[in-house]
Number of protein chains: 2
Amino acid sequence: MRIGELAARAGTTPRTLRYYESRGLLPARRAGNGYRTYDESDLKLLRQIRTLQDFGFDLEETRPFVECLRAGHPEGDSCPASLAVYRRKLEELDALIGELRAVRAKVGRQLARAERARDELAADARVPGGPEPVCELGGELR
Amino acid sequence: MRIGELAARAGTTPRTLRYYESRGLLPARRAGNGYRTYDESDLKLLRQIRTLQDFGFDLEETRPFVECLRAGHPEGDSCPASLAVYRRKLEELDALIGELRAVRAKVGRQLARAERARDELAADARVPGGPEPVCELGGELR
DNA sequence: GTAAGCCTTGACGTCGGCGTCAGGGAAAGG
DNA sequence: CCTTTCCCTGACGCCGACGTCAAGGCTTAC
């Protein structure tokens, strides 16, 4: 199988496969004419890489999985190094999710505070001595 | 106040301020010798930018806040355009957090499955006919 | 006077994971 | 034979928010 076919079967592009090869992740045999040649086991490696990439793993983090498969194991995560990557990734995800939730909370509070301030200004404007000048900037939305 | 002092007071670098200026976000007056000159209001603008950056806002997303302050409002989020950015950011955060939690769940399941497979292999090895060959790759950890 | 420490502009480097183009050879079908 | 479609290598582009270096000018302290 040549590079175009493998790429298509994995839902990616030849450029991507050449890139992986340049990183030493997915080396290819060569046909007499210099064309890269792949087999079904390469497809399996590639799918492993792509799955992890979809999870947000760096290329380097997929390396233990690929090496594990190439060592003859049925699954890329049959090796301790792969499990270690899983665990590290879980920690990273938990930390990141935690940070994002903290930011979400802060932004939510800022929004609430700003809306409250705006509404209080509007209320003041309706009551005392006629409307006060309001922000004239932007805000096509709503 | 010159660029170095402003940068220090905002906990950033002169390079960053020049970058903001190049993006039209924080223009500077110039002294006779060509040096950039800033005042306290610039510090306020800069702190607004930095706060939002810390929240993960793109530089472009901070623009409405900066313009709002420059228009004379007491807070950067006193303008509708700023509130719209807050709301968009909340949606983005919710979406991102949701995706990350989904990934976290998937990775967690993969890890659990892989560990189960490993333990079953170990159990098999202890019982039937002597230890089977085990993965020899990686895994310094533990 | 001279060294240190600020400032200026301009331009290139960084990081990851490729996309895209240029300038060729090879293979397959009519 | 010709065209199309694949393949090759090499190299530059991209994105965002700066870092870093070069080469020079201003100021200030000694």
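Each chain gets a letter, A, B and so on, in the order its sequence line appears, and its residues count up from 1. This is a predicted model, so every value here is computed, not measured.
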Can A/Glu21 and A/Arg30 be said to form a salt bridge (charged side-chain N to carboxylate O under 4.0 Å, His left out), step by step?
-> CA-CA 12 Å; A/Glu21 182 173 359; A/Arg30 297 300 181 116; 3.6 Å; yes

With A/Asp94, which residues qualify under salt bridge (Lys or Arg N to Asp or Glu O under 4.0 Å), at least two apart?
-> B/Arg104

Could I get the full list of side chain to side chain contact (heavy atoms under 4.5 Å, CB included) partners for A/Glu91, not counting sequence neighbours?
-> none

Where B/Val66 and B/Leu25 come nearest, the two heavy atoms and their spacing = CG1-O, 3.6 Å

Check the pair A/Glu60 / A/Arg63 against salt bridge (charged side-chain N to carboxylate O under 4.0 Å, His left out), numbers first and verdict last.
-> CA-CA 5 Å; A/Glu60 275 312 307; A/Arg63 196 179 294 275; 2.6 Å; yes

Kindly determine whether B/Glu92 and B/Lys89 satisfy salt bridge (charged side-chain N to carboxylate O under 4.0 Å, His left out), including the steps that lead there.
-> CA-CA 5 Å; B/Glu92 276 178 35; B/Lys89 186 56 66 175; 3.1 Å; yes

Do A/Arg50 and A/Tyr20 have a side chain donor and acceptor closer than 3.5 Å?
-> yes

Please list, in 5' to 3' order, the outermost nucleotides of DNA chain C lying under 4.0 Å from any heavy atom of chain A.
-> C/dG17 to C/dA27

A/Glu75/A/Lys44 ion pair, N-O < 4.0 Å = no

Residues passing the side chain to side chain contact (heavy atoms under 4.5 Å, CB included) test with B/Arg2, sequence neighbours excluded, are B/Tyr35

Bend angle of the helix from C/dG1-D/dC30 to C/dG30-D/dC1, from helix axes over five pairs at each end, nearest 10° = 30°

Whether B/Glu99 side chain and B/Leu96 backbone form a donor-acceptor pair below 3.5 Å | no

Would you mind building the protein contact string for nucleotides 5-18 of chain D? One character per nucleotide, 5' to 3', B for base within reach (heavy atoms under 4.0 Å), S for sugar-phosphate only, - for untouched.
-> -BSSB-------BB

